[in-house]
Amino acid sequence: MAEGYDAQAIERKWQARWREEGAYEVDNDDPRPPFYCLCMYPYPSGSAHQGHVRNYTFGDLIVRQRTMAGHAVLSPMGFDSFGLPAENAAIKTGAHPRPFTDGRIAQLKASIERLGAMYDWRREVRSHDPEYIRWTQWIFLRLLEAGLAYRDRAAVNWCPGCQTVLANEQVLADGTCDRSGDVVTKRDLEQWFFRITAYADQLLDDLDELDWPERVKVMQRNWIGRSEGAEFDLPVEGRPDLALRVFTTRPDTSFGMTYAVVAPEHPIVPELTTDERREAVDAFVARVRTETEVERQSAEGPLEKRGVFTGAHVRNPFNGEPVPVYLADYVLMGYGTGAIMAVPGEDQRDWDFAKAYDLPIIRTVQPPEGWEGEAYTGDGPAVNSQWLDGLHKDEAVARATEWLEEKGLGRRTVNYRLRDWLLSRQRFWGCPIPIVYCGEHGAVPVPEDQLPVLAPDDVEFRPTGESPLKFHEGFLASACPTCGQPATRETDTMDTFVDSSWYFLRFTDPWNREVPFDPAMAARWLPVDQYIGGIEHAILHLMYARFFTKALSDLGVAPKDLREPFSRLFTQGMIRMGGTKMSKSKGNLVDPADYFDTVGADALRLFHLFVGPPADDVDWTEQTDEVIDGCARFLARVWRLSTGEVPAGTGDGGRDLRQATHRLVARVSDDYDRWSYNTAVAACMEFTNLLYKAVAAGAAGEDLDFAIDTLLSLMAPMTPHITAELWERRHGDDARVHAQPWPQADPALVATTTETMVVQINGKVRDRIEVPADVGEAEMERLALESERVRAALDGRTPARVVARPPKLVNLVVEG
RNA sequence: GCGGGCGUGGCGGAACGGCAGACGCGCCGGGUUUAGGUCCCGGUCCCGAGAGGGGUGUGGGUUCGACUCCCACCGCCCGCACCA
């Protein structure tokens, strides 16, 4: 009698063996067809949590299954190791973030290993490694050369208490600093940007070809926010030298313009403002400047206080009428031209503002019957619009735009919501921006042979949150690469999204010391065949990585034809507890180690696969531990079956085993392809139940062995340890289930010789009859009409129509 | 407000226009066991003794046939939100 299933011992044994054997290390010249499977590299926050377990269980399943199916699978792992939590810990303790981070990485790696998820650790990258920093900086300099990185003034979040700039994420919902509680204000500072807007159209258009979840694509489309419209000038009354340029998506409504609005920050404001209005305008502008972003964007507060008349008038070029110019905080300097023509009849914000300021409202699109009291933004015939009258929206827009272009007054334009990527962070624990500032030559790139620029170790963290780089003389003092005169280093570091925008490329060639990666190696593996991660990265990370890939491709750093990094994306559901996301900050983590130490990693993996569709959120409830126990129970059943501990009865039970086995292969393979892991697990459970009955009925020998071996092969990607152990026990010390070829279903055996034909009358099931699989329609009808139950239900009536769908269903349609 | 998604037993879920509720959790019963646990077997949508009838958020439609497709409504979740 073999001993029982000891998950602890087995998992330890196989994890050690896989490590020794270098399992899942893959070389770039591997002759098998390549497959790149990647899980989003984690921020090292300590031990793995259930979100990691879920992510890496899916990834490992694919890695192992594709390997069995004959692919050379690239399965790398690394760490997104720069970031704020390590710096905050440093500020608290005074210790350097590096040992803190390295410790966290060691913890996370250890728990990933206990999950049994396999990676080619030779390829590991860490954002904070000097070699990785070198190439991140090198890429920054290439983008700078190409004009895709630039420096500009930008309004940033400023905390007066901390005397530092904050990232948007550090500003709480009430507009205060998450550290000091001070009210955050806006400040103009010189910052570095990436020109992602240069790729707006490509980023939008190329989404169509990606095999990504529709909702992620929609989010990206909305984020890019392309809108087509027209720009034109409104001449300022009494100022022949001055015109106000506006952008609109509805040039067809121009005859309804009853005023114009300019953003308070617009440079034209001082010029426009008349002397008698200057005091009021200045007061308004000053107030808006001190307002927080949150205040300004909230729709609260009386509209009367949110705008001011400038005293100026502009002329509507469509009808020559003068209209007043206002400032209002609902018009943003950062979008379009920072000025609009206001058409209250067809825009609700303009309507509300017009009501508050008692401005006229002229409808230029005929609203439906009974429409009143608000703007009408739908389609309808143009009215009050001279030569546009009667035209519907699309045609009127086109005609109005043509008119503007013919008269040389304006042009068709496209605007984007997407802004350039502000990458400067006033932080220590990030990749330094490789720039020095010279009094004579300004911002000068650090020469390539001086990379990487590394932050010093002997730094003092201040409780104010300011970067210690700003006070480190040894770091600050430099020489201008152009003239050799004393110069000062840039103390800002890069947004950590820069690091994660190219790590998947580095994985293909992590040993390269000449360039970030050899384009030929990248071409071999990329695009990533399967990328897996959380929905929270739907916009920023995935957009930035796409931008980097396109830009690096255009610069010749990445392969020319590599236009997208991730051809297939899967976003897993969140783990929730009590209705909120399970997370460290909420303190509702359920530690995977508790399960590694008890039921084992295989049972926990199986739970994550079985609990529901991978894309759905998982609710961690009181029932969850019982379900996990059920998964462990199932594995113990497989153990007993495979080690011959199920007592055999007598009789003939092995009759259909071979056929059932082939059907299982077809079903599980299909489920794997469709990401339907919960049903793949169910199929294996069902099959195991069947085998128990077969054994009890006397099944033995070749067909049973084939059934069990096939089950183990199919489960090997899901529960690698127990299947490896059982395979070794059944086939000898050198036998490896994960080296087996992926089982193939024999179509002849999957097909059945008989089927259960369902007989319906008017769509209701009346009988089930066993028929040959190749039964014809006429035969089906004959068999159906012969059935006792059908005759009883028909009660003498004759079907008016017979719908036969061989071989599974026949529907008899009777009147009445 | 705009966009996307989802509503199926006590619970997680299954069903690619054709047998609603696979598989599992829980619960009920039986067997093994000194006992408990483990393990094995059976049952478990509702009404009905049964034959049968009803049932996938609500209402309508398409179809021989709808959980599935279409329309309207109700409810929940997610994303964006003064973007002109």
Side-chain angles (χ1 to χ4, degrees), chain A residues 4 213-219 221-223 225-227 229 246-250 253 261 263 296-299 306 328-332 334-343 346-350 352-353 377 415-419 535-536 538-539 574 576 579 606-607 610-613 615-619 621-631 633-634 636-637 640 645-647 670 674 676 678-689 692-693 696 756-768 792-793 799-805 808-814:
Chain A
E214 194 53 36
R215 93 178 144 135
V216 175
K217 293 208 242 181
V218 167
M219 279 194 238
R221 285 192 192 105
N222 292 344
W223 189 261
R226 179 190 156 99
S227 63
V246 294
F247 170 75
T248 179
T249 56
R250 296 292 304 275
T253 64
V261 187
R296 181 160 172 186
Q297 294 201 348
S298 77
R306 301 182 53 210
D329 63 357
Y330 77 85
V331 172
L332 309 173
Y335 186 78
T337 60
I340 61 163
M341 66 165 188
V343 186
E346 283 81 35
D347 183 292
Q348 192 58 40
R349 292 158 300 170
D350 295 346
D352 295 339
F353 193 84
T377 56
N415 256 298
Y416 298 93
R417 212 187 71 99
L418 183 70
R419 297 273 83 89
I535 188 73
E536 65 272 21
I539 297 175
M574 287 187 314
R576 289 187 312 200
L606 198 66
F607 162 75
F610 184 55
V611 68
D616 287 7
D617 289 350
V618 178
D619 275 310
T621 67
E622 318 79 55
Q623 196 187 42
T624 299
D625 278 351
E626 285 164 346
V627 177
I628 294 172
D629 286 343
C631 290
R633 212 149 45 222
F634 164 65
R637 270 167 79 79
R640 287 192 296 273
E645 281 178 74
V646 176
D670 183 51
R674 300 163 39 222
S676 185
N678 52 331
T679 55
V681 175
C684 291
M685 288 174 168
E686 219 176 321
F687 188 67
T688 301
N689 293 343
Y692 264 63
K693 291 193 179 73
T756 304
M757 179 179 84
V758 172
V759 185
Q760 297 179 336
I761 296 174
N762 288 345
K764 289 197 195 307
V765 179
R766 294 301 173 180
D767 201 4
R768 299 180 175 87
R801 186 178 161 191
V802 177
V803 181
R805 289 282 176 276
K808 289 199 170 175
L809 183 130
V810 60
N811 189 16
L812 309 176
V813 185
V814 293

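Chain identifiers are assigned alphabetically (A, B, ...) following the order of the sequence lines, protein sequences preceding nucleic acid strands; residue numbering begins at 1 within each chain.
As rounded to the nearest Å, A14(B) and A22(B) have P atoms that lie 12 Å from one another. Going from the C1' atom of G57(B) to that of G9(B) covers 15 Å, rounded to whole Å. A51(B) and G21(B) are spaced 24 Å apart, taking the C1' atom of each and rounding to whole Å. Comparing G7(B) with C16(B), their P atoms are spaced 14 Å from each other, to the whole Å. Rounded to the nearest Å, the gap between the C1' atom of C45(B) and that of U34(B) is 40 Å. A gap of 24 Å separates the P atoms of G55(B) and C6(B), to the nearest Å. Only the P atoms considered, U56(B) is 39 Å distant from G37(B), to the nearest whole Å. Nucleotides G12(B) and G18(B) have their P atoms positioned 25 Å apart, rounded to a whole Å.
In this structure G9(B) sits in the syn conformation; its chi angle is within 90° of 0.
Each of Glu214(A) and Val765(A) has a nearest nucleotide on RNA chain B; the 5'-most of these lies closest to Glu214(A). Ranked by how close their nearest RNA chain B nucleotide is to the 5' end, Thr621(A) and Asp347(A) are led by Thr621(A).
At least one side-chain nitrogen or oxygen of Arg633(A) sits closer than 4.0 Å to the OP1 or OP2 atom of C25(B). The side chain of Arg637(A) contributes an N or O atom lying less than 4.0 Å from OP1 or OP2 of C40(B). The shortest distance between the side-chain N/O atoms of Arg766(A) and the OP1/OP2 oxygens of C19(B) is not below 4.0 Å. Listed pair Thr337(A) / A84(B) fails the phosphate criterion, with no side-chain N or O lying under 4.0 Å from OP1 or OP2. Residue Asn678(A) places at least one side-chain N or O closer than 4.0 Å to OP1 or OP2 of A14(B). Between Arg640(A) and U38(B) there is no side-chain polar atom (N or O) within less than 4.0 angstrom of OP1 or OP2.
Side-chain atoms of Gln623(A) and base atoms of C25(B) include a donor and an acceptor less than 3.5 Å apart. Donor-acceptor pairing under 3.5 Å, judged by distance alone, is present between the side chain of Arg805(A) and the base of G18(B). With hydrogens and angles ignored, a donor-acceptor pair closer than 3.5 Å exists between the side chain of Arg768(A) and the base of C19(B).
Across the strands present, G24(B) finds its partner in C11(B); the criterion is a Watson-Crick or G-U wobble pair with both atom distances under 3.5 angstrom.
No side-chain donor-acceptor contact under 3.5 Å links Tyr330(A) to the backbone of Phe353(A).
Between the side chains of Arg417(A) and Asn222(A), not a single donor N or O lies within less than 3.5 Å of an accepting N or O.
Listed candidates were G18(B), C23(B), G42(B). Nearest to the side chain of Leu809(A) is G18(B).
Side-chain contact between Val343(A) and Thr248(A): absent, with no pair of heavy atoms (C-beta onward) separated by less than 4.5 Å.
Of the listed residues (Leu332(A), Val331(A), Asp347(A)), just one forms a side-chain contact (heavy atoms from CB on, under 4.5 Å) with Ile340(A), and that residue is Val331(A).
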